[in-house]
Participant: 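Structure incoming, see below.
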Amino acid sequence: MEDTNSLIEQRRQNLAGLNARGVNPFMNSFRPDAQCGTVRAELARWAEWNKSPEPKGDPVGLPEGTRVRLAGRITAHRDMGKSQFLDLRDVSGRIQLWIQPKVLGDDAAEIFKLLDLADFIGIEGTLFITRMGEPSVKVESFTPLGKSLRPPPGKWHGLEDTETRYRQRYLDLIANEPVKEVFLKRSLILKEIRSFFHQRGYIEVETPMMQAIPGGAAAQPFKTFHNALGCEFYMRIALELYLKRLLVGGVDKVFEIGRNFRNEGLSRRHNPEFTMLEAYEAYGDYATMMETVESLIRHVALSVVGTLQIEHRNADGDVFKTIDLSHWRRASYKDLVREKAGADWFAVSPEERRRRAVEDLKLAGDIAEGYEDFEVTGAVFEKLVEPTLIQPTFVTHLPKQLVPLAKISAEDPTTVEVFECCINGQEISPGYTEQNDPIAQREALEHQAGGEQQKLDEDFLVSLEHGMPPAGGIGIGIDRLCMMLLGQESIRDVILFPQLKPKA
RNA sequence: GGGUCGGUAGCUCAGCGGUAGAGCAGCGGCCUUUUAAGCCGUUGGUCCAGGGUUCAAAUCCCUGCCGACCCA
């Protein structure tokens, strides 16, 4: 970038000043022996212990006078003349520094004047509590570590421009502490998911993202080209078909967490690349997988959020929605539709259903001319039921036409052994009793391919013909799970670098 | 794809036909325990881009770009 302004010029001049004094403000390394936020918390803990009346018991935390070596970014500067107060911040948090440049010597005083807000520095000093009770470090020496040549966003309002927040996420992370919290917690969510499955004896695998035939879902793929092989590949749209090959191969409990790519619209709930979890368990079925989903999400919520009551807050900080993960409703598709569309919905004629959907339920815009009867009901579910399922709900007994690739229910042949787990008004996780009949699977895939033979993953069908154990399978959209657990209303707020149109 | 809103100083925003503004940040002073420190002074602008209307456009009109939200 060639853009510049007076603030950048000043910083470049300070850089030149440091160089002129033989100071390299871009050090190769610096080894801190503690973290800012941790030290601050421990010193505060000691101060609390120290001021309590006798008997105190054993000392806790870090006492005043402890020597520490810290590194971080300067995020605030309060100039008191002979006393200078800085905030030093690393990933653990911040701590206040007290610096008396003249006391450190004339060289140090000159170098101090050439520091700017947002520079990285390393310091050594001793802990103390100020008169105002602020845990602080009395700095004995400091070293520039990484100079910032551009001004940081404001400290008070932070960075609010959504475009800059997404395009330059690092600025968002510097300026907006809650944003960093979200992504640290996203990392913990992934960690706890892995831990949950490993504990249950699952194997984590990685399967191809570049696929000759993109299968496992109905979605538009991205296309790419491999030069050496001289052929086209597609970015995967689902993990499913490779994980089932592993069931054939005898990996009985298997999961993958990975990126899917769908060449479709962007929205508050859709990013072209998104993270999917899929898990398959041999000898399980949709019912065992319901238990898996519920246990998994409970475990993750308790481990990461610390509660099963997930609060969503608006811009003013008021709770506008609480998701209760301690109760998981199980309800049939038909019952849920009846709740919104009338108890006799399935008793009337298809023509009457269509009329009611269009006229009474005002779904004219959602029901195309050629829709079949089950699709009319499907629109009712999607538009009127699913958005209202804020609390965890397993929707079961879906009509077989709606999910053509699933196994028919033994107890009710008009339905399939499938659930959709809805939370927060959106589908978080579908689960299946997986199809392991290669002949039925071939028919279903051929029907889905609509005669386009090249779309048929023949290799997958061959694998099924070698024999696949009965199995339960689930998929969980990790981004949506993070939105739900972390109280975020946009997928862009749980993806570090959401896709935006490149600037010209 | 359609609708609504937005794009002005590093950040957050006001101004909405008549000299480009504020707070914070920055810079220069004062202050030896401050913390959104304070006080005094001060620098800083392709008002998203391009066209049009007008004596005069950040402001009105048109087109485009980018973003947010809603709808499809």
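Everything quoted here is computed from the prediction, not taken from an experiment. Convention: sequence-line order gives letters A, B, ...; per-chain numbering from 1.
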Participant: Taking only side-chain N and O atoms of Arg78(A), does any of them lie within less than 4.0 angstrom of OP1 or OP2 on C31(B)?
Facilitator: no

Participant: If a pair means Watson-Crick or G-U wobble with both distances below 3.5 Å, what does RNA chain B look like in dot-bracket form, with | marking bases paired to a different strand?
Facilitator: ((((((((.[[[[.)..(..]]]].(((((.......))))).....[[[[[..)....]]]]]))))))).

Participant: Does the Arg354(A) side chain pair with the main chain of Pro350(A), one donor and one acceptor, at a distance under 3.5 Å?
Facilitator: no

Participant: Select base, sugar-phosphate, or nothing to describe what Arg165(A) touches, counting heavy atoms under 4.0 Å on all strands.
Facilitator: nothing

Participant: In sequence, state the C-alpha distance, the side-chain angles, and the governing distance for Thr126(A) and Val137(A), and then conclude on side chain to side chain contact (heavy atoms under 4.5 Å, CB included).
Facilitator: CA-CA 5 Å; Thr126(A) 55; Val137(A) 184; over 6 Å; no

Participant: So, using salt bridge (Lys or Arg N to Asp or Glu O under 4.0 Å) as the criterion, who are the partners of Glu240(A) when residues are at least two apart?
Facilitator: Lys244(A)

Participant: Considering only C27(B), A68(B), G10(B), which nucleotide approaches the side chain of Asp116(A) most closely?
Facilitator: C27(B)

Participant: Of all the choices, G67(B), U33(B), A68(B), which nucleotide is nearest to the side chain of Phe85(A) once you look at every atom?
Facilitator: U33(B)

Participant: Rounding to a whole Å, what distance do you find between Gln100(A):CD and U32(B):C1'?
Facilitator: 6 Å

Participant: Remember a base hit wins even if backbone is also touched, and classify Gly154(A) as base, sugar-phosphate or nothing at under 4.0 Å, heavy atoms.
Facilitator: sugar-phosphate

Participant: Looking only at side-chain N and O atoms, does Arg167(A) come under 4.0 Å of OP1 or OP2 in G67(B)?
Facilitator: yes

Participant: Could you tell me whether the phosphate oxygens of A68(B), OP1 or OP2, come under 4.0 Å of any side-chain nitrogen or oxygen in Arg268(A)?
Facilitator: no

Participant: Rounded to whole Å, please give me the gap between CG in Asp161(A) and P in G7(B).
Facilitator: 10 Å

Participant: Using a 3.5 Å distance criterion without hydrogens, assess whether the side chain of Asn260(A) forms a donor-acceptor pair with backbone atoms of Met276(A).
Facilitator: no

